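Below is one structure, written out as structure tokens; the observations come after it.
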Amino acid sequence: MLVVTKDNFDEVSKEAAKLLATLLRRKPDCVLGLATGSTPLGMYKELIRLHKEEGLDFSKVITFNLDEYVGLPPSHSQSYHYFMWENLFKHINVDPRHVHIPMGMAENIDEFCQWYEEKIEECGGIDLQILGIGANGHIAFNEPGSSLGSRTRIKTLSDKTCEDNARFFENKDEVPRYAITMGVGTIMQARELLLMAGGAAKADAIKATVEGPVMAKYPATIVQLHQFATVVIDSAAASKLDGSYSGF
Ligand code: GLP
């Protein structure tokens with residue numbers, strides 16, 4: 001695992017965008033695993049800039065998002081569909097037919113999850129998976145206790161996650177209780193992982209992820225077992241680490 005610590009979150013976003021852009025230039029038809037939340041926003045802004053100012057081409061890229069709330073239609077302002085189109089897709093030249101985001105309104109969720117897994121496989125697997133991290137150590141919506149071998153499925157959100165995400169809704173009661181999420185095992189099959197985090201609120205989760213034992217209580221700790229995982233964090237998120245990691 002490569003841990004890269006940056007002075008501030010702006011640099012984290014730029015570093016992450018640089019890594020993604022490097023892959024895209026090397027493999028224009030790469031398969032990207034994308035994330036939502038506040039963490040990747042700065043990276044998406046930088047990718048939009050690279051597209052507009054430097055012609056970074058997304059026309060052949062295939063994307064798969066990590067997760068989506070159950071019961072929110074794509075038009076809902078807090079759905080991850082809406083998030084992705086507003087914050088990235090509508091600003092770049094991605095082919096809408098190449099975009100995959102779990103369907104929170106799927107009639108048969110189990111069948112949908114199976115289809116999502118098969119689709120990832122059919123597209124050749126994910127080349128680079130972007131990850132944020134929950135303050136409780138979740139990745140995507142794989143909450144503490146998730147099987148480390150899990151596949152795409154429906155999960156109940158923890159109280160902590162509902163509280164953390166309540167800031168995006170009118171109140172905590174409006175946060176959906178269920179989500180469709182890629183599993184920990186699905187994520188681990190990506191050829192490369194890029195986990196980003198910023199801020200002191202993530203310091204405990206980052207300490208567990210980088211230095212703690214691998215355990216289902218902190219699903220993010222699984223990244224220690226990935227052959228090509230990069231963790232890019234700011235100094236606040238790195239503040240509880242014992243080791244010093246110089247990165248690149
Ligand atoms: C959400 C998402 C995760 C994300 C996490 C952190 O629950 N499902 O994919 O990594 O929360 O969010 P943020 O980046 O806003 O801190």
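Bear in mind that the values here come from a model prediction, so they are computed numbers and not experimental data. First listed ligand is number 1; within each ligand, the first listed atom is number 1.
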Considering heavy atoms of the protein only, find what lies nearest to atom 2 (C) of ligand 1 and give residue, atom and distance to 0.1 Å.
-> Y80 OH, 3.7 Å
Sub-4.5 Å side-chain heavy-atom contact between F64 and K119 = yes
Side-chain H-bond candidate by donor/acceptor type, E117 with T152, under 3.5 Å = yes
Hey, which atoms in ligand 1 end up nearer than 4.0 Å to a heavy atom of G132?
-> 10 (O)
Nearest protein heavy atom with distance in Å, relative to atom 11 (O) of ligand 1 | H138 NE2, 3.4 Å
Compute the minimum heavy-atom distance from A35 to ligand 1 and say whether it is under 4.0 Å.
-> no
Taking the minimum heavy-atom distance to atom 4 (C) of ligand 1, which of L157, T36, T161 ranks first?
-> T36
Would you say the side chain of L225 lies within less than 4.5 Å of the side chain of L148, judging by non-hydrogen atoms?
-> no
Nearest non-hydrogen protein atom, atom 14 (O) of ligand 1 | T39 OG1, 2.5 Å
With atom 3 (C) of ligand 1 as the reference point, say which of P40, A197, A140 has the nearest heavy atom.
-> A140
Atom 16 (O) of ligand 1: closest protein heavy atom, distance to 0.1 Å, is K202 NZ, 2.6 Å
Is the distance between the ring centroids of F58 and F89 under 6.0 Å?
-> no
Interfacing atoms of ligand 1 (cut-off 4.0 Å, heavy-atom, G37) | 14 (O), 15 (O)
What do the steps show when you test R167 against S38 for side chain to side chain donor-acceptor pair (under 3.5 Å), and what is the final call?
-> CA-CA 11 Å; R167 65 188 195 276; S38 42; 3.2 Å; yes
Please assess R177 against D159 for the test salt bridge (Lys or Arg N to Asp or Glu O under 4.0 Å), listing each intermediate value before the final yes or no.
-> CA-CA 9 Å; R177 295 299 304 197; D159 285 344; 3.0 Å; yes
Taking the six-membered ring for Trp, are H76 and F169 parallel (under 30°), tilted (30 to 60°) or perpendicular (over 60°)?
-> tilted
Check the angle between the aromatic planes of W115 and F112 and answer parallel, tilted or perpendicular using the 30° and 60° thresholds.
-> tilted
From the options I133, N136, V175, L195, select the one whose nearest heavy atom is closest to atom 6 (C) of ligand 1.
-> I133
Per-atom contacts of ligand 1 with R167, taking only distances under 4.0 Å to non-hydrogen atoms | 15 (O)
Nitrogen or oxygen of S38 less than 3.5 angstrom from that of ligand 1 = yes
Identity and separation of the nearest protein heavy atom to atom 7 (O) of ligand 1 = F141 CE2, 3.0 Å
Aromatic rings Y69 and Y80: how do their planes relate, parallel, tilted or perpendicular, breaks at 30° and 60°?
-> tilted
Side chain, backbone, both or neither: which part of D67 has a heavy atom under 4.0 Å from ligand 1?
-> side chain
Measure N165 to ligand 1 on non-hydrogen atoms and call it side chain, backbone, both or neither using the 4.0 Å cut-off.
-> side chain
Classify the angle between the aromatic ring planes of H100 and Y116 as parallel (below 30°), tilted (30 to 60°) or perpendicular (above 60°).
-> perpendicular
